[in-house]
Amino acid sequence: MNFIEELRWRGMLQDIMPGTEDELNKGIVSGYIGFDPTADSLHVGHLTQIMTLIHFQRAGHKPFALVGGATGMVGDPSGKSAERNLLSEDVLKHNVACIESQLKKFLDFECGANSAEMVNNFDWFKNYNFLDFIRDVGKHITVNYMMSKDSVKKRLEGETGMSFTEFSYQLVQGYDFYWLWKNKGCMVQMGGSDQWGNIVTGTELIRRKEGGSAFAVTTKLIKKADGTKFGKTEGGAVWLDAKRTSPYKFYQFWLNTSDSDAKEWIRVFSLKTKAELEAIEAKHEEAPHQRALQRALAEEITARTHSEEALQKAISTSEFLFSTGSVDFLEQLTDDEILEVFEGVQRFAVSKDELQQGINVTDLLAEKTKVFPSKGEARKMIQGGGVSVNRNKVSDPNGLVTADQLVKGEYLIAQKGKKNYFLLIAG
RNA sequence: GGGGAGAUUCCAGAGCGGUUAAAUGGGACGGACUGUAAAUCCGUUGCUUCGGCUUCGAAGGUUCGAAUCCUUCUCUCCCCA
């Protein structure tokens, strides 16, 4: 199956420039996708683009991952309603390095002819001076053409306006494509559908400057059935960096997708074949409560993004946290393992001496710790039946918590609702 | 520069001298149901030693009593030049 067919049945394909498929059928073709270094980690929103590159490589082509050290300095106006703040060069350098190491996990950089390659456009922009650029590049693209782009039009219509810097963004990105086409033989640029305008400026530049041809493919933006933004949770974006989003949370993010989303997303984010996916879907239809789709989705992505080991830990943590099992389970674990289960869970230190005397639950949760911001709230929540200590529902706001309730003589597990855990460590 | 409107608890938005910790809606959080889903239903949504205490842009004042009336200040919005 060729690359485009693959994207098509997976429902990823948005736009494709005429002739692209023929070009790809000729043999090994080089193509690239750019990543903006706006943070020092990619998030799940970038995963679609990573998957596109993976499919590209699996179809036998040579993927380039461009990290925009230069474009990041300018700021892409696409999809932005207001001017962005510029990042300093140091921050960008750090971000670029971090993103590069993340991308290395997903693509094969040592497989011969179609090995993946990493490039940074700062390398070809850092010594390119302004006058040369506007003469060599700017001359080929009219302002009229640039202004007709959606990303620009929207900002001109809006109230905030747009700086010359962001206006020039498409030229900078366009030149990337030109440079990679000229120096690396890159024939195709891929990206999210919001990048169409920028990509086409690149093919246009290649055509006008050298009479060459280049191609474009864009993928659909991932949407949630309920209309909210993909990749966001209450805690903010879901990052690929384990330090920002723990593998457990990452796994949970995917596990919690709705049925309709899971069915679409698994096609995008899984490398399983159509037959395999259809089998999973059938299984899901049969027993929806088993959530075969969500499990398959979460397992595959977590393993690929983090590791098989991290996935296993995420699964066992989930099983403990969501099963009705008692805290006895924890008694069997070592201290390190307990801390691992509650990784990312907020922790509080409490005095063991005071626990010997017994502490009023409300005081414990609102004063000794910050599980609740005030006693009133703690009390109300307890009366509403929303608080558990060591998996047992607390019914009396004035009840005592004592040292003999400590798990392993050291830990207390407090729950606000079902999903919000707090680990109290006595010392 | 001239004229007008307004600032209320997370947001929107009632209240226009006491019965108002402040309607209603949204959001958030909890509970039930369930599949760690969706939908639905229910509860909570200033602090408290549960006696009370502090809130309605800020500061003063009138009153037994003010978010509600008066004065000044700060800020926001709209219309006309």
Side-chain angles (χ1 to χ4, degrees), chain A residues 44 159 222-236 238 245-266 269 280-299 301-302 311-326 329 341-346 354 357-389 391-400 413-422:
Chain A
V44 292
E159 286 173 6
I222 303 289
K223 285 205 191 88
K224 279 171 73 173
D226 63 10
T228 54
K229 210 174 174 205
F230 167 72
K232 297 274 184 201
T233 61
E234 319 83 72
V238 177
T245 301
S246 71
Y248 160 73
K249 289 230 173 86
F250 187 85
Y251 173 80
Q252 283 290 323
F253 168 76
W254 295 103
L255 196 64
N256 276 318
T257 54
S258 69
D259 289 8
S260 54
D261 286 338
K263 201 174 162 187
E264 283 180 29
W265 295 0
I266 198 165
F269 296 111
I280 295 172
E281 273 170 38
K283 201 173 152 198
H284 184 89
E285 299 285 320
E286 237 172 70
H289 61 281
Q290 301 280 334
R291 288 182 297 152
L293 275 173
Q294 284 90 336
R295 276 176 212 284
L297 178 70
E299 285 172 16
I301 305 181
T302 307
L311 167 65
Q312 290 311 324
K313 273 182 197 154
I315 293 176
S316 54
T317 304
S318 299
E319 273 169 7
F320 166 68
L321 294 179
F322 289 99
S323 73
T324 46
S326 76
F329 168 82
V341 166
F342 290 100
E343 188 194 340
V345 161
Q346 219 175 337
E354 287 180 287
Q357 314 295 315
I359 305 178
N360 177 297
V361 211
T362 314
D363 290 342
L364 179 69
L365 300 180
E367 275 184 354
K368 309 289 182 200
T369 61
K370 294 278 186 307
V371 173
F372 289 98
S374 74
K375 286 187 171 189
E377 192 161 319
R379 202 170 287 124
K380 279 169 198 155
M381 194 68 83
I382 289 170
Q383 280 160 350
V387 178
S388 299
V389 169
R391 273 278 158 69
N392 298 315
K393 202 153 265 188
V394 178
S395 50
D396 177 10
N398 295 315
L400 288 184
I413 317 303
Q415 269 168 281
K416 181 168 96 184
K418 279 179 192 147
K419 296 188 194 177
N420 302 306
Y421 280 85
F422 299 87

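Residue numbers start from 1 in every chain, and the chains themselves are labelled A, B, ... in the order their sequence lines are given, proteins ahead of strands.
- Side-chain N/O atoms of A:E377 and base N/O atoms of B:U45 include no donor-acceptor pair closer than 3.5 Å.
- Nucleotide B:U36 holds its P atom 21 Å from the NZ atom of A:K416, rounded to whole Å.
- When both pairing distances are held under 3.5 Å, B:U62 makes no Watson-Crick or G-U pair with any nucleotide shown.
- Listed nucleotides B:U36, B:A37, B:U44 differ in distance to A:R291; the shortest reach to its side chain belongs to B:U36.
- Side-chain nitrogen and oxygen atoms of A:K419 include at least one within less than 4.0 Å of the OP1 or OP2 phosphate oxygen of B:A37.
- Counting only heavy atoms from C-beta on, A:K375 has its side chain closest to B:U48 among B:G35, B:A32, B:U48.
- Atom C1' of B:G65 sits at a distance of 6 Å from the matching atom of B:G18, rounded to the whole Å.
- Contact annotation: A:S374 side-chain N/O to B:U48 OP1/OP2 distance is under 4.0 Å.
- When distances run from any side-chain atom of A:R379 to the nucleotides B:U49, B:U36, B:G35, the shortest one goes to B:U49.
- Each of A:N420 and A:Y251 was assigned the nucleotide of RNA chain B with the nearest heavy atom; the assignment lying further toward the 5' end belongs to A:N420.
- When rounded to the nearest whole Å, the span between CG of A:L255 and C1' of B:G35 equals 10 Å.
- Note that the CG atom of A:N360 and the NZ atom of A:K368 stand 10.0 Å from one another [nearest 0.5 Å].
- Distances from the side chain of A:K393 to the nucleotides B:U36, B:U48, B:A32 place B:A32 closest.
- Within the nucleic acid shown, A:S318 comes within 4.0 Å of at least one base atom, counting heavy atoms only.
- Counting non-hydrogen atoms under 4.0 angstrom, A:Q383 reaches nothing in the nucleic acid.
- If you take CD1 on A:I301 and CZ on A:F253, they are separated by 8.5 Å, rounding to the nearest 0.5 Å.
- For B:G51, the glycosidic angle deviates from 0 by 90° or less, giving a syn base.
- Across the protein-nucleic acid pair, A:F320 atom CZ and B:U36 atom P stand 16 Å apart, rounded to whole Å.
- With both ends at atom P, the span from B:G2 to B:U19 equals 42 Å, rounded to whole Å.
- Not one N or O on the side chain of A:Y248 forms a donor-acceptor pair closer than 3.5 Å with the backbone of A:T317.
- Here the separation of B:G27 from B:U36, taken at their C1' atoms, is 22 Å to the nearest Å.
- In this structure, A:F372 places its CZ atom 14 Å from P of B:U45, rounding to the nearest Å.
- With C1' as the reference atom, B:G46 and B:C10 are 12 Å apart, rounded to whole Å.
- Comparing B:A7 with B:U55, their C1' atoms sit 16 Å apart, to the nearest whole Å.
- Minimum atom distance to the side chain of A:K418 is reached by B:G31, of the listed B:G31, B:G35, B:U36.
- Rounded to whole Å, the distance from CZ on A:F322 to P on B:A37 is 8 Å.
- Residue A:Q290 is out of contact with every strand shown, counting any heavy-atom pair closer than 4.0 Å.
- Here B:U36 presents its C1' atom at 16 Å from CG of A:D261, a figure rounded to the nearest Å.
- Separating the CE atom of A:M381 from the C1' atom of B:A32 is a distance of 15 Å, rounded to the nearest angstrom.
- Base pairing analysis places B:A12 opposite B:U24; the two distances defining the Watson-Crick or G-U wobble pair are each below 3.5 Å.
- B:C56 and B:G3 have their C1' atoms separated by 28 Å, with the value rounded to a whole Å.
- Of the possible donor and acceptor atoms, none in the side chain of A:T362 sits under 3.5 Å from a partner among the backbone N and O of A:R379.
- Nucleotide B:C77: paired with B:G4 (Watson-Crick or G-U wobble, both distances less than 3.5 Å).
- With a 6.0 Å radius and a threshold of 12 heavy atoms from other residues, nucleotides or ligands, A:K263 has its NZ atom at or below the threshold.
- Nearest to the side-chain atoms of A:Q252 among the listed nucleotides B:U36, B:G35, B:G30 stands B:U36.
- Spacing of C1' atoms, B:A67 relative to B:U8, comes out at 7 Å, to the nearest Å.
- Taking atom NE2 of residue A:H289 and atom P of nucleotide B:U36, one finds them 10 Å apart after rounding to whole Å.
- When each of A:G376 and A:H284 is assigned the nucleotide of RNA chain B with its nearest heavy atom, A:H284 is the one assigned upstream, toward the 5' end.
- Between A:W265 and A:L293, the closest side-chain pair of non-hydrogen atoms is not below 4.5 Å.
- Taking the ring axis of A:F422 as reference, the NZ or CZ atom of A:K416 does not stay both within 45° of it and closer than 6.0 Å to the ring centre.
- Spacing between B:A59 and B:C29 at atom C1', rounded to whole Å, works out to 37 Å.
- With B:A37, B:G35, B:C50 as the choices, the nucleotide that has an atom nearest any side-chain atom of A:N256 turns out to be B:A37.
- Judged by distance alone, the side chain of A:T302 and the main-chain N or O of A:E299 form no donor-acceptor pair under 3.5 Å.
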